[in-house]
Protein chains: 4
Amino acid sequence: MKTRDRIMLGALELFNERGEPNVTTNHIAAHLSISPGNLYYHFRNKEQIIDAIFDGYTSALKNSFSPKDRYSSEELLAYLDAIFLLMWRYRFMYANLPDILSRDEQLQEKYLAAQEISHRNIMTLLESFRESGLLSAGVKEMQSLANTLKLVITSWVAFQTVQAPGAKITKSVVYQGVLQVLAVVKPFTTGLGKQRVMELESHYDDHLQEDLV
Amino acid sequence: MKTRDRIMLGALELFNERGEPNVTTNHIAAHLSISPGNLYYHFRNKEQIIDAIFDGYTSALKNSFSPKDRYSSEELLAYLDAIFLLMWRYRFMYANLPDILSRDEQLQEKYLAAQEISHRNIMTLLESFRESGLLSAGVKEMQSLANTLKLVITSWVAFQTVQAPGAKITKSVVYQGVLQVLAVVKPFTTGLGKQRVMELESHYDDHLQEDLV
Amino acid sequence: MKTRDRIMLGALELFNERGEPNVTTNHIAAHLSISPGNLYYHFRNKEQIIDAIFDGYTSALKNSFSPKDRYSSEELLAYLDAIFLLMWRYRFMYANLPDILSRDEQLQEKYLAAQEISHRNIMTLLESFRESGLLSAGVKEMQSLANTLKLVITSWVAFQTVQAPGAKITKSVVYQGVLQVLAVVKPFTTGLGKQRVMELESHYDDHLQEDLV
Amino acid sequence: MKTRDRIMLGALELFNERGEPNVTTNHIAAHLSISPGNLYYHFRNKEQIIDAIFDGYTSALKNSFSPKDRYSSEELLAYLDAIFLLMWRYRFMYANLPDILSRDEQLQEKYLAAQEISHRNIMTLLESFRESGLLSAGVKEMQSLANTLKLVITSWVAFQTVQAPGAKITKSVVYQGVLQVLAVVKPFTTGLGKQRVMELESHYDDHLQEDLV
DNA sequence: GATGAATGAGGATTCATTCAT
DNA sequence: GATGAATGAATCCTCATTCAT
């Protein structure tokens, strides 16, 4: 693997583990057994490392989450899993978002762009559900449902981190997040939709014990 | 005002404005035109200042938000306002929660205790709504509704801060938060409840332009 | 007791316990439950407190240790005890002497004057021993014997403190100091003197177990 | 010279000159015209600098002072010189020993280990003297002689520093220390030993005027 | 005599970043 | 590409001392 990529990965790892403010550039270098000078050869500064990590997040968002027209139950399941796993992989960001963004105007803009994408993705998805007769809601309701979903998705991991201090977060926590999302959507589902939701729910209930690798 | 209180207020002000990690004890002292020594005369360290501020938050939570049995529309309105204003006054915390808590074990515990209170308050409130026939939901639904509400309430301010970077947050943002809460509750309301919600909604829609003092 | 005296005693206590550099004027005040302002009402500064304590030491040296012409075994015993107890009571000084004196010229002079007294006392004592036929030594030998004794006496307590870190110093340590002094003197004793020394030695050997109050 | 070594030497110099408590890490850095950051690049903290200096002292003790079986007068002379010069080079330690050790548990242990070495060295030396018929003393006498010697050697420099305040310490002071040691040993010498001692004494008497480089 | 809030210079230490090699 | 020594501003905090009451 290229040094540049190793730095991004190592930094991400440490940021998630200890929180970005507690990870110095020297920590990162030491963690990878490279020199600080080398780190700064590949990145102008710490900000840029975070920026690059964020780009990884954004492109994952773009590539893996552009919603399709139609989802089988299995696909939907995988989709929801993937979203929460994404949040989990970049959880350090959501632990400090206002602070990180306030330091870096460029990132702030990137973040807003990413938000747009997320919002569109969610809306498209909801729309497609409505069209397939799974969901029944007015325009305004759809909007605020989308907002609530964004809130739940982005806050879930940080929120959980804070609830159970030292505890290693397990897959079960991520799954609970999915269940929370389902619970938010449920009141707006049609009979058919409700069935689909319940299928998903029972699936996750079954896997609530598993640990996160 | 006592110096100790001035420190707490000044610190809160700066924390909210610039983010806790960007505010040094010397900044606080300078902001109040007192010496750093004086600041440390009243507080052992920065942690203790945050702790004291948090205690203010907790006691507000305890004193002003123990829910009553029955609410008139006006009361409910005031109640929701007050909650979001509380979040707004202590928004610095929610901007960095995982980081702040990880540094201070004692605070972590206090936080969990405060969470308990919040959760109980919300549950009591929802329960009373159900009993007055405003809400209709099963036990599990009530639980996850409560969770969503907690999430929306605690994340809203931070979330909004991040959406609109430099922009001063206005009362309208807080009001939008209330509307978001109402939207989350709405699907679970009875006909009577739905009416109440719509009254509230129209009230907030009217005030959405106002600025925050 | 007068506040001024309480301060001196409290300070002495803390100095001995924790070492002078680790005791702040606020510690002393808190220890006595008085205000720092009050402490500074009675003493211009920390230096002056040390000075005053030192005066206590000097006057003890002057009053209780001006040697008499003739000593019974019991008296000699009491005398030696008293000297080492004096060292013990003011042990904080000897733990940091060069540093303490370098900060305070006036004290430095007082110290030299006290040294003079000690030296004279020791010489007078040795002289009287020689005259009573207990000791046999030339002038030069007496001088260097006196020097060695001063060294042993003043260094003993500090030296022991350092040997056994946390250990509370007991009377036995002080007694060992006396035995060390006797061992230094012994080679210069006459037959008669040797007998006296051995009497004293056996006395201290018997009490080596006791603890210091 | 390596920066790390320059720091150790510069610190040693300043510690000896002004006393360890009066020398800040910034003083040391300024004295060497390096940045404080650089100093902390090489040492984690002030304690570690002292530790490293102490290691130098210990290794000198180990390497240069393991006693041989037999000493010519010249060798003995050089040996005694060297010991006092060692004390002189690390005199800052003995000026504050209890305080320095109480702050640093690890150093305390190192110190006790070093003490052991010193004690063994002295005992071996005395033993060899006895075997060559220079010394005549019983087991108990040897023990307390060794103790007195340790006391005299370790206290001498500090003791002298305190006697003559501002005065630069000269070689003569160190030589007087050697003479003091000789005076302590003398009463236990045989005729042959006494001769050896007197040779040494006259040697040092001749050099008492010289200044220390 | 006594209080206790207030001062401010100074201390140890950190860390993003640079730069000669 | 890489090293690692070096920088220096900034951080949190201490403590002898002062002063209004």
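Below, chain A is the first sequence line, B the second, and so on; all start at residue 1. Predicted, not measured: the structure shown is a model, and the values here were computed from it.
Between A:F92 and A:F15, the two ring planes are tilted [angle within 30° to 60°]. Between D:F54 and D:Y111, the two ring planes are tilted [angle within 30° to 60°].
For A:S35, no side-chain nitrogen or oxygen approaches OP1 or OP2 of F:dG4 to under 4.0 Å. Under 4.0 angstrom from either OP1 or OP2 of E:dA16 there lies no side-chain N or O belonging to A:H27. Proximity of A:H42 to the phosphate of F:dA2: a side-chain N or O atom is located under 4.0 Å from OP1 or OP2. Close to E:dG11, at under 4.0 Å from its OP1 or OP2, lies no side-chain N or O of D:T25. Of the side-chain N and O atoms in B:N38, none sit less than 4.0 angstrom from OP1 or OP2 of E:dA5.
At a threshold of 4.0 angstrom between heavy atoms, the contacts of D:N26 include nucleobase atoms, whether or not backbone atoms are also involved.
Using a cut-off of 4.0 Å between Lys/Arg side-chain N and Asp/Glu carboxylate O, C:E20 and C:R103 are scored as salt-bridged. Salt bridge annotation for D:K110-D:D104: absent, with no cationic side-chain nitrogen under 4.0 angstrom from a carboxylate oxygen. In this structure, A:R89 does not pair ionically with A:E13, as no charged nitrogen and carboxylate oxygen lie closer than 4.0 Å.
When each of E:dA12, E:dA6, E:dA16 is scored by its nearest atom to the side-chain atoms of A:T24, the top-ranked nucleotide is E:dA16.
Mapped onto DNA chain E by nearest heavy atom, D:P36 and C:Y41 fall at different nucleotides, with C:Y41 at the one closer to the 5' end. Between C:Y40 and A:L39, the one whose closest nucleotide on DNA chain F sits nearer the 5' end is A:L39. Taking the nucleotide of DNA chain F with the nearest heavy atom to each of D:R4 and B:N45, the more 5' of the two is matched to D:R4.
The distance from atom NZ of B:K46 to atom P of F:dC13 is 9 Å, rounded to the nearest whole Å.
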Base-pair string, DNA chain E, Watson-Crick plus G-U, cut-off 3.5 Å on both distances, | for inter-strand, is .||||||||||||||||||||
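Residue C:E105 qualifies as open at atom CD: its count of foreign heavy atoms under 6.0 Å is 12 or below.
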